[in-house]
Structure formats: structure tokens, C-alpha cells
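The figures here come from the full heavy-atom set of this structure, side chains too, leaving out hydrogens, waters and symmetry mates. Given the structure is predicted, the values throughout are model-derived calculations rather than measurements.
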Amino acid sequence: MPEPARLSASIPSVDPALQPRLVLTDLDGSLLDHHSYDFSPAAPWLARLKQMGVPVVPVTSKTRAELIPLREALGLTATPFIAENGAVIGLPPGWCHARLDRPGSGRDGVVIKHPGVDIGFIRARLKVWRERLDIRFTRMGEMSVAEVMELTGLDAVRARDARQREGSEPLLWEDTAAALETFRAALEGDGLQLTQGGRFWHVMGRSADKGNAVEWLVKRFTALRGRMPLSLGLGDGPNDITMLEAVDQAVVIRGCHDLAVEPRNASLYRTDATGPTGWAEGVAYWWGRDDRRLATAEKSDAVVI
């Protein structure tokens with residue numbers, strides 16, 4: 001028997017229940033209700049995952065400013081986040097590399113990575129193409145706080161936070177489908193891309209999408225832990241497709257819209273329920289059966305009760 005084969009045969013197989021895991025989730029319309037932003041149907045699973053030591057990472061179109069109170073409310077301050085559809089990655093201290101990351105300057109010590117381009121460049125190019133192509137759209141940065149509130153249902157504080165962009169610009173498209181494709185091609189020439197969210201179109205750097213950010217974060221997790229995690233992604237919109245294609249197991253949550261969400265992933269589940277109820281359904285589908293760590297967590301819960 002060749003040496004490598006004899007060596008591998010002498011090592012027992014790793015218990016799959018001990019494989020590290022990672023949840024990467026969209027927020028609006030997924031972990032959060034599309035209208036009320038409630039997450040209570042998903043709260044039991046969030047608590048279970050925390051007890052199991054499974055990080056839950058928000059991957060969202062929201063800004064870093066919007067995520068500060070949300071991460072606290074969701075109990076996710078110790079986990080990373082991906083904001084602005086991949087244009088911003090936030091690393092808490094436990095996810096930082098001593099030689100690669102400077103200490104975070106924010107109040108929570110988070111280190112910020114910007115995979116894409118600066119918001120100033122994006123806005124400058126949008127101004128150029130709107131005039132040159134004679135097309136109609138409205139940037140979020142041009143809207144008043146009251147207009148953002150009306151469009152999104154956010155209160156004044158959260159609407160102001162939503163306007164604090166770092167690496168992407170949402171816009172309302174007010175022109176034809178043909179003009180949109182011309183606009184998309186023009187942006188590509190600038191190294192920018194256009195992706196569709198639930199309410200807005202988003203303009204960002206070509207390399208700054210949810211999928212690329214998720215791949216980067218999985219590599220960071222692997223470098224710190226020494227093992228590749230089993231990754232589960234959950235989302236409900238077209239801007240989630242790259243994320244759902246970058247994970248091992250994917251969940252498309254039934255949306256409150258008629259937009260097509262067709263990721264290429266062999267391990268794909270589509271929920272019957274919407275929002276956080278669908279989120280819990282999706283996690284339970286993949287991880288709610290034959291999982292010894294889950295059984296241990298439930299047994300521990302029973303003892304506490």
C-alpha cells in the first residue's frame with residue numbers, strides 16, 4: 001500500500017457534527033420581516049446557533065451605520081458583517097489577524113475592509129453618465145430623509161443611517177429597460193456594476209458583491225480556525241444570488257416580490273414561508289436533523305428549563 005494511503009487509512013474520519021459552521025444571511029425580507037423588520041420567528045434558532053458556537057453573519061445592502069444598532073438587537077456584535085452588498089466588510093476583534101489588520105477605530109473595535117471603490121468615485125461617474133446618456137434615476141444621496149422614510153418605512157434615525165454610504169449608491173430607476181442596459185454597460189467600463197435589491201438598484205465596484213465578500217470571509221475563517229467551515233446562506237432577492245452561489249448550502253426565502261432568484265447551487269432549498277419564519281424553516285431544513293451538536297444544545301436547554 002502506498003505511504004499516503006496507509007497514512008490516511010490510519011486516521012479516523014472526522015465527526016461531521018464537529019465541523020465548524022458558518023451562517024451568512026441577508027436581512028431585509030430574510031432574517032428581518034420586509035415590512036416590520038421583526039425577527040422574533042427566527043429568535044429561537046439564533047439562540048440555538050449561538051449556543052452551538054455557530055457565527056451568524058449579516059450580509060446586507062444596509063450601511064455600517066444601520067448595522068450598529070441591528071447587530072446589538074440581534075445579539076451579533078461578536079460576529080463579522082458584510083454591508084452595502086459586499087462593499088464593506090466589518091471584522092470584530094476575534095476575527096482580526098495580528099499582522100494583517102490595524103486595530104479598529106470605532107467604538108466597537110471593528111476593523112473595516114473596503115473591497116470595492118470609494119463612494120465619491122461612484123457618485124462622480126453617476127453624474128457623468130446621467131448627463132451623457134440623458135437617463136433618469138434618483139440617487140439615495142439626493143433624497144431627503146423624509147423621502148427615504150416614505151420609500152423604506154424606516155424611522156428618521158435609521159433613514160439618516162441608510163444615507164451614510166461608503167462604497168455603494170442605491171438609486172431608483174425612472175427610465176426604460178433598454179436605457180438600463182445601456183447604463184449597465186457604461187458602468188462596466190468604469191469598473192462598476194449594477195445589482196437589483198428589493199427596493200433599489202445598487203451601484204458598486206465590480207469586485208464588491210456579496211459573493212466575493214462571502215468568499216473572502218470564509219477564507220479568513222479558515223485561516224483563523226485551521227478548518228474550512230460548512231457554510232449556509234439565506235436570502236430572498238436577486239442581490240443575494242452571488243452569496244447563495246458561494247456557500248455550501250443555500251436557502252431562497254420566499255419573497256414579498258415577483259423577482260427571479262435562481263442561484264446555481266446543487267444544495268438549494270426554497271421555503272414556503274416568507275421573512276424570518278422562512279429563515280427559520282430554511283435553517284431547520286439543512287441543520288435541524290441528525291445533528292449531534294444540535295441535540296446536545298437542545299438537551300442543555302431542557303436541563304435549564
Asks: Got P20 and R227 here, is their nearest side-chain heavy-atom distance under 4.5 Å?
Replies: yes
Asks: Applying the 4.5 Å side-chain criterion to the ILVMFWY set and letting contacts propagate, would V145 and V157 be lumped into a single cluster?
Replies: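 No, V145 and V157 fall in different hydrophobic clusters.
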Asks: Give a yes/no verdict on a cation-pi contact between R71 and F81, requiring under 6.0 Å between NZ or CZ and the six-membered ring centre and an angle within 45° of the axis.
Replies: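 No, R71 does not sit over the ring of F81.
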Asks: Just checking, is any N or O donor in the side chain of W129 or D190 under 3.5 Å from an acceptor N or O on the other one?
Replies: yes
Asks: Is the shortest side-chain N to carboxylate O distance from R158 to D155 below 4.0 Å?
Replies: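 The answer is yes: the pair qualifies as a salt bridge.
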Asks: Decide, yes or no, whether a salt bridge links E84 with K62 under the criterion of side-chain N to carboxylate O below 4.0 Å.
Replies: no
Asks: Going by heavy atoms in the side chains, are T152 and R199 under 4.5 Å from each other?
Replies: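 Counting from C-beta outward, T152 and R199 do come under 4.5 Å.
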Asks: Can you name the one residue among R125, H202, R123 that meets side-chain hydrogen bond (donor to acceptor under 3.5 Å, both in side chains) with E169?
Replies: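 Running side-chain hydrogen bond (donor to acceptor under 3.5 Å, both in side chains) over R125, H202, R123 with E169 returns exactly one hit, R123.
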Asks: Return each pair, listed once, that meets side-chain hydrogen bond (donor to acceptor under 3.5 Å, both in side chains) where at least one residue sits in residues 251-266; pairs must be two or more places apart or across chains.
Replies: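 Passing the test, one end in residues 251-266: E262-R270.
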Asks: Does the gap between the ring centers of W95 and F221 come in under 6.0 Å?
Replies: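 Centroid separation for W95 and F221: below 6.0 Å.
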Asks: Walk me through whether D26 and K210 qualify under salt bridge (Lys or Arg N to Asp or Glu O under 4.0 Å).
Replies: CA-CA 10 Å; D26 176 51; K210 288 188 175 186; 3.2 Å; yes
Asks: Is a side-chain donor-acceptor pair under 3.5 Å present for D248 with S231?
Replies: yes
Asks: Using side-chain heavy atoms (C-beta onward) and a distance below 4.5 Å, is T25 in contact with W279?
Replies: yes
Asks: For residues F183 and W173, establish whether the separation of their ring centroids is below 6.0 Å.
Replies: yes
Asks: Is it true that K219 and E215 have a side-chain N and a carboxylate O under 4.0 angstrom from each other?
Replies: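 A salt bridge is absent here (no side-chain N lies under 4.0 Å from a carboxylate O).
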Asks: How many angstroms lie between OG in S30 and CG in L234, if you round to the nearest 0.5 Å?
Replies: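 So the gap between those two atoms works out to 7.0 Å.
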Asks: Is the closest basic N to carboxylate O distance between K113 and D101 below 4.0 Å?
Replies: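 Looking at D101 together with K113, the answer is yes, because their closest N to O distance falls below 4.0 Å.
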Asks: A side-chain contact here means heavy atoms from C-beta on lying under 4.5 Å apart; do T63 and L67 qualify?
Replies: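 No; the side chains remain at least 4.5 Å from each other.
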Asks: Are any non-hydrogen side-chain atoms of I122 and L192 less than 4.5 angstrom apart?
Replies: yes
Asks: Does a salt bridge link R165 with D118, judged by any charged N lying under 4.0 Å from a carboxylate O?
Replies: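 Between D118 and R165 there is no salt bridge, as every charged N stays at least 4.0 Å from the carboxylate O atoms.
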Asks: Please check: side-chain N/O of T79 versus main-chain N/O of L76, any donor-acceptor pairing under 3.5 Å?
Replies: yes
Asks: I'd like to check the side chain to side chain donor-acceptor pair (under 3.5 Å) partners of T138; sequence neighbours left out, ordered by chain and number.
Replies: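 Listed in chain order: E174.
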Asks: Using atom types as modelled and distance alone, determine if a side-chain donor or acceptor of E281 lies under 3.5 Å from a backbone N or O of D272.
Replies: yes
Asks: Tell me every residue that passes side chain to side chain contact (heavy atoms under 4.5 Å, CB included) with Q249, counting only those two or more places apart in sequence or in another chain.
Replies: L230, L232, S267, W286, W287
